[in-house]
There are 2 protein chains.
Amino acid sequence: MAVGRPARLSRDSLVDAAESIVATDGIDALTMRRLADELGSSPMSLYRHVRDKDELLLLLIERRAAELELPPLPSDARERLVTLFVLLFDSLSRSPWIVEVLAKGDLVAPSLLPVIDRILEAFVAAGLSGEEAGRAYHVAWRYTVGELTVRHSTERHFAQLDREPLLVRIMAEIDPAELPSLADLRLELAAGRRDARYEDGIGAVIDGLLRLTCSAPTTGGDPSA
Amino acid sequence: MAVGRPARLSRDSLVDAAESIVATDGIDALTMRRLADELGSSPMSLYRHVRDKDELLLLLIERRAAELELPPLPSDARERLVTLFVLLFDSLSRSPWIVEVLAKGDLVAPSLLPVIDRILEAFVAAGLSGEEAGRAYHVAWRYTVGELTVRHSTERHFAQLDREPLLVRIMAEIDPAELPSLADLRLELAAGRRDARYEDGIGAVIDGLLRLTCSAPTTGGDPSA
DNA sequence: ACCTGAACACCGTTCAAGT
DNA sequence: ACCTGAACACCGTTCAAGT
């Protein structure tokens with residue numbers, strides 16, 4: 001195999017190898033050097049096929065997104081929205097390192113565009129205008145990113161067992177007599193309770209976004225607001 | 001000044017220096033070596049006062065949070081919630097690197113707890129139970145984190161002028177005839193339109209979260225859902 | 001064309017040694 | 001006690017050179 005010519009590198013083989021490294025040892029283990037080792041070549045060969053490490057990560061995200069399959073969708077617009085966002089959320093939370101890449105400044109996999117289109121369609125079907133649908137998508141997507149970020153970060157935090165538990169330190173500094181009724185809640189919040197379901201959250205968010213098409217909220221609505 | 005004893009280091013002086021580095025040259029410029037230089041000492045002196053670089057970042061966040069001042073709050077619960085979240089959002093978006101730290105796994109500044117308490121109070125005042133208030137806070141906070149993450153990342157993306165604009169490449173791969181009615185919207189989405197106001201988004205989210213206390217949404221409500 | 005070895009300019013952190 | 005120089009074990013990336 002490692003003879004003269006045939007052991008070629010290619011964009012695809014890079015991504016293949018990168019994917020298996022990430023699957024085995026996590027995103028932190030994915031370095032250009034390690035990738036080159038895995039492919040039996042030298043770090044710089046990689047730069048022939050990929051401009052950057054960032055481009056490699058992007059390709060990795062793109063492949064993950066391409067695997068995403070649309071299930072049969074419910075006919076009710078609200079349910080369709082929930083289904084689509086849960087799909088997105090589940091797919092992304094299976095590889096939480098994506099959040100870090102997102103936060104570092106790269107975004108959008110082209111393969112996600114079909115899903116986004118279905119979401120926009122559903123918002124329109126629920127009675128929003130095109131522009132409103134765009135804004136609504138923005139809000140719901142950003143909520144989703146937030147969920148991914150926070151869940152990932154609490155996971156990381158608790159995974160670092162060697163480090164003195166920060167949250168305990170924080171809570172020790174607080175006077176519990178201060179606002180006693182909320183003390184338990186605060187603890188739960190700080191502990192980042194994992195049992196709150198994304199599906200419920202996105203449901204509430206979507207309801208809020210569709211509010212324009214239904215009766216006024218508690219506060220009594222000035223429709224010009 | 002740099003004589004025998006008096007040029008002491010302290011936790012506070014580290015954070016002072018770190019803060020000014022971040023203010024001048026951004027978070028990427030904050031390295032232990034640079035910080036030591038700025039303080040006229042060597043990198044390892046720092047480890048006497050700080051366990052980690054992570055701990056330093058945490059201290060930095062904590063200081064930022066401590067600067068946050070509560071303005072007079074509106075009496076209406078919904079408006080109070082909007083005000084509080086906008087306060088949080090504004091304060092955090094002034095130092096967007098915090099998002100990266102958040103995404104990397106550290107979270108929660110103790111100084112934010114008073115604000116969180118006011119938010120929980122307001123949710124309760126709007127008619128939610130304690131547990132519901134906790135869940136509602138979660139959702140609204142995660143939406144906020146998502147907004148910060150996405151805004152920060154599009155900013156970074158557009159700041160990298162040297163790199164071939166990724167979004168243009170992506171859009172070139174798409175057949176615009178495919179779903180022509182949505183083409184413009186998609187472009188806007190990909191460009192990460194900045195003009196959508198956080199205040200409107202959080203308003204919609206809060207409305208959705210308070211929905212339980214008002215009339216049923218469009219879909220016609222099975223209250224068991 | 002495609003690949004490489006050696007090197008550059010960095011990181012955070014540890015260790016043994018200085019005063 | 002407090003600080004330090006030199007070193008360790010890494011990074012991503014560039015350059016000039018090999019075939």
Side-chain angles (χ1 to χ4, degrees), chain A residues 1-18 21-22 25-60 97 100-101 103-106 156 160 162-164 166, chain B residues 1-18 21-22 25-60 97 100-101 103-106 156 159-164 166:
Chain A
M1 252 194 189
V3 216
R5 268 248 222 77
R8 290 295 256 284
L9 298 181
S10 72
R11 239 150 178 271
D12 278 343
S13 64
L14 290 209
V15 182
D16 284 343
I21 292 174
V22 171
D25 297 325
I27 192 68
D28 287 338
L30 179 60
T31 70
M32 298 305 262
R33 288 168 152 87
R34 165 83 185 272
L35 183 56
D37 275 0
E38 216 86 352
L39 290 162
S41 80
S42 76
M44 299 93 308
S45 330
L46 310 180
Y47 288 89
R48 190 81 28 190
H49 304 92
V50 132
R51 180 205 318 265
D52 253 348
K53 193 187 177 184
D54 279 0
E55 184 168 312
L56 182 68
L57 290 172
L58 230 46
L59 290 171
L60 223 48
W97 55 269
E100 274 170 78
V101 179
K104 263 191 65 186
D106 286 314
R156 275 225 170 182
Q160 293 190 332
D162 52 323
R163 149 191 326 206
E164 184 189 354
L166 172 70
Chain B
M1 253 197 189
V3 216
R5 267 246 222 79
R8 288 295 252 285
L9 298 181
S10 72
R11 240 152 176 272
D12 278 343
S13 64
L14 291 209
V15 181
D16 285 343
I21 291 174
V22 171
D25 297 326
I27 191 69
D28 287 338
L30 178 60
T31 69
M32 298 306 261
R33 288 169 152 87
R34 165 81 185 272
L35 182 56
D37 274 1
E38 217 84 352
L39 290 162
S41 80
S42 75
M44 299 93 309
S45 330
L46 311 180
Y47 288 89
R48 190 84 25 191
H49 304 94
V50 131
R51 179 207 317 265
D52 252 350
K53 192 187 176 183
D54 279 0
E55 184 167 312
L56 180 68
L57 289 172
L58 230 45
L59 290 171
L60 222 48
W97 55 269
E100 274 170 78
V101 179
K104 264 191 65 186
D106 285 314
R156 276 223 168 185
Q160 292 190 333
L161 294 172
D162 52 324
R163 155 193 316 210
E164 183 189 355
L166 173 68

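All figures in this text were calculated on a predicted structure; none of them were measured in a lab. Worth knowing before you read on, the calculation uses all heavy atoms, side chains too, and leaves out hydrogens, waters and symmetry mates. Letters go in sequence order (proteins before strands), and every chain restarts at 1.
- The interatomic distance linking B/R51 (CZ) with C/dT13 (P) rounds to 11 Å, in whole Å.
- Rounded to whole Å, the distance from CG on A/L35 to P on D/dG12 is 10 Å.
- Rounding to whole angstrom units, CZ of residue A/R33 and C1' of C/dC10 are separated by 11 Å.
- D/dC3 atom P lies 11 Å from atom CG of B/L39, rounded to whole Å.
- Nucleic acid contact for B/S45: base, since at least one base atom lies under 4.0 Å from a heavy atom of the residue.
- Side-chain nitrogen and oxygen atoms of B/T31 include none within less than 4.0 Å of the OP1 or OP2 phosphate oxygen of C/dC10.
- What separates OH of A/Y47 from P of C/dC3 is a distance of 15 Å, to the nearest Å.
- Between C/dC3 and D/dC15, the two C1' atoms lie 14 Å apart (nearest whole Å).
- Here the side chains of A/W97 and A/L30 are not in contact, with every heavy-atom distance at 4.5 Å or above.
- A/R11 contributes a side-chain N or O that, together with a main-chain N or O of A/H49, makes up a donor-acceptor pair within less than 3.5 Å.
- Within the 4.5 Å cutoff, the side chain of A/D12 has no heavy atoms near those of the A/L59 side chain.
- In a base pair of the Watson-Crick type (N1 to N3 plus N6-O4 or O6-N4) or a G-U wobble (N1-O2 and O6-N3), with each distance short of 3.5 Å, C/dC15 is matched with D/dG5.
- B/H49 has no side-chain polar atom (N or O) that falls below the 4.0 Å cut-off from OP1 or OP2 of D/dC2.
- To the nearest 0.5 Å, atom CG of residue A/D52 and atom CG of residue A/L46 are 12.0 Å apart.
- When side chains are defined from C-beta on, A/R51 does not count as touching A/L56, because their heavy atoms never get closer than 4.5 Å.
- C/dC11 atom C1' lies 14 Å from atom CG of B/D52, rounded to whole Å.
- Nearest-nucleotide mapping onto DNA chain C: of B/R48 and B/M32, the residue sitting toward the 5' end is B/M32.
- Of the side-chain N and O atoms in A/S42, none sit less than 4.0 angstrom from OP1 or OP2 of C/dC3.
- Between A/M44 atom CE and D/dT14 atom P the separation is 12 Å, expressed in whole Å.
- To the nearest angstrom, P of D/dG12 lies 14 Å from CG of A/L14.
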